[in-house]
Amino acid sequence: MAEKVIVTAAVVGAEVTREQNPAVPYTPAEIAQAAVDAWRAGAAAVHLHARWPDGRPSQRPEHFREIIDRIRQAGSDVVIQCSTGGAVGMPVDERLGSLVDGAEMGTLNLGTMNFGDEVFQNTRPDIVRIAGRLRERRLVPECEVYDAGMLDTLRWLLEKKHLTAPYHVQLVLGVPGGMSASERNVRFLLEGLPEPTHWSIAGVGRFQLPMAELALALGGHVRVGLEDNLFAAKGVLAKGSDELVSLAVKLAQRAGREPAAPAEARRLLGIA
Ligand code: KMH
Ligand code: ZN
């Protein structure tokens with residue numbers, strides 16, 4: 001039987017705004033509710049960012065703590081993954097604020113790149129430092145790969161033992177400045193993945209659901225949610241990340257892949 005699929009919900013991110021879609025959550029209570037709704041819809045994991053109540057991105061530990069506490073108080077056992085990417089322009093010290101008690105995974109962005117009209121800086125020393133912090137805190141890294149050369153960085157990190165298994169790879173495709181979300185690019189990237197690796201695709205914008213479908217067909221996992229895409233269909237705003245998770249779950253079932261429960265996701269991802 002095909003491996004169960006881990007659906008990760010990226011419920012807010014650092015860039016999207018309520019002006020673009022009124023369902024974008026800002027406060028810790030709203031972000032926690034969005035995460036719980038996504039879990040109820042079938043997400044096994046949530047990729048978390050935080051915001052100040054006015055919508056500015058935040059990596060403040062107290063915001064992440066409140067989000068996680070609220071998720072657990074709601075009775076959800078969803079896997080908690082905290083962003084160390086934060087927002088463009090944030091210093092690494094600030095970005096590391098998200099790695100609070102209760103986090104189970106943390107992201108590891110594998111290179112500097114144009115991110116829209118800005119630069120998302122991740123120097124090799126930054127990457128090594130973040131990898132070290134994830135290791136110290138016994139968090140499973142999710143390696144965010146936006147472009148082909150970042151897989152060479154992944155191999156370098158493994159070779160130098162800055163990174164060791166278990167880790168997860170997220171192919172984030174369609175960021176303006178990164179690799180585009182095409183089947184050809186996905187197949188090329190998969191050829192370069194170290195073995196054995198669990199991998200997932202996060203397609204940006206209108207590529208979100210087509211990339212989910214492709215990941216499902218190729219044996220990967222999927223990430224959906226408002227961080228990466230605001231629409232449920234062409235011209236139709238998503239009512240929340242849970243709606244996008246429901247669509248991904250339907251695609252999974254059509255592809256003969258059952259969504260993993262959080263406990264199964266922990267087993268697959270090597271979370272102790
Ligand atoms: N907000 C982006 C610049 C991550 O979460 O680790 C970076 C990002 C990646 O969202
Ligand atoms: Zn993110």
Side-chain angles (χ1 to χ4, degrees), residues 7-17 20 24-26 31 34-35 38 43 45-52 55-60 63-64 67-68 78-100 103-123 126-131 133-134 137 139-147 150 153-154 157 163 167-179 181 199-205 208 211 221-230 241 244:
V7 178
T8 297
V11 297
V12 58
E15 291 82 24
V16 292
T17 67
Q20 296 170 296
V24 172
Y26 284 168
I31 294 169
V46 285
H47 167 83
L48 293 178
H49 287 250
R51 299 286 183 101
W52 292 93
R56 281 175 299 127
S58 157
Q59 291 290 105
R60 300 288 307 174
H63 289 157
F64 281 85
I67 294 167
I68 296 170
V78 73
V79 174
I80 303 283
Q81 178 192 108
C82 292
S83 168
T84 68
V88 286
M90 277 182 179
V92 172
D93 276 341
E94 186 178 349
R95 285 163 52 178
L96 288 170
S98 64
L99 300 183
V100 298
E104 298 172 274
M105 301 177 76
T107 58
L108 182 64
N109 290 272
L110 292 187
T112 296
M113 62 185 290
N114 287 330
F115 202 97
D117 293 340
E118 298 174 288
V119 174
F120 182 31
Q121 183 169 301
N122 296 284
T123 64
D126 291 340
I127 299 168
V128 168
R129 180 166 168 222
I130 296 169
R133 183 66 64 88
L134 293 170
R137 297 195 63 91
L139 301 176
V140 172
E142 178 176 279
C143 299
E144 312 286 311
V145 170
Y146 304 82
D147 218 330
M150 296 189 190
T153 300
L154 174 57
L157 289 168
L163 182 71
Y167 60 89
H168 185 239
V169 174
Q170 188 72 254
L171 306 176
V172 185
L173 299 178
V175 172
M179 225 164 161
W199 58 274
S200 169
I201 310 181
V204 174
Q208 181 163 88
M211 282 292 116
H221 302 284
V222 308
R223 176 171 115 180
V224 292
L226 294 183
E227 172 168 350
D228 305 321
N229 165 43
L230 297 163
S241 292
L244 297 166

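When a ligand or atom number is given, it counts from 1 through the structure's own listing order.
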| Any side-chain donor near an acceptor of the partner, Gln170 and Glu142, under 3.5 Å | yes
| Which heavy-atom pair separates Leu99 from Arg137 by the least distance, and what is that distance? | O-NE, 2.9 Å
| message | Rounded at 0.5 Å granularity, tell me how far CD1 in Ile31 sits from CZ in Phe64. | response | 7.5 Å
Does the side chain of [Y] come within less than 4.5 Å of [X]'s, by heavy atoms?
X      : Y      : result
Ser241 : Val46  : no
Met105 : Ile80  : no
Val204 : Leu173 : no
Asp228 : Val224 : no

| message | Is the ring pair His63/Trp52 parallel, tilted or perpendicular, if the boundaries are 30 and 60 degrees? | response |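 Because their plane-to-plane angle is over 60°, the rings of His63 and Trp52 count as perpendicular.
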| task | Keeping waters out of it, list the protein N, O or S atoms under 2.8 Å from the Zn ion (ligand 2). | result | His47 NE2, His49 NE2, Glu227 OE2
| field | Within the protein, residues bringing a heavy atom under 4.0 Å of ligand 1, chain by chain | value |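 Ligand 1 is contacted, at a heavy-atom distance under 4.0 Å, by Ala14, Glu15, His47, His49, Ser83, Gly85, Gly86, Val88, Thr107, Asn109, Phe115, Phe120, Tyr146, Glu227.
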| said: As a quick check of understanding, evaluate salt bridge (Lys or Arg N to Asp or Glu O under 4.0 Å) for Asp93 and Arg133, giving each step before the final call. | reply: CA-CA 11 Å; Asp93 276 341; Arg133 183 66 64 88; 5.6 Å; no
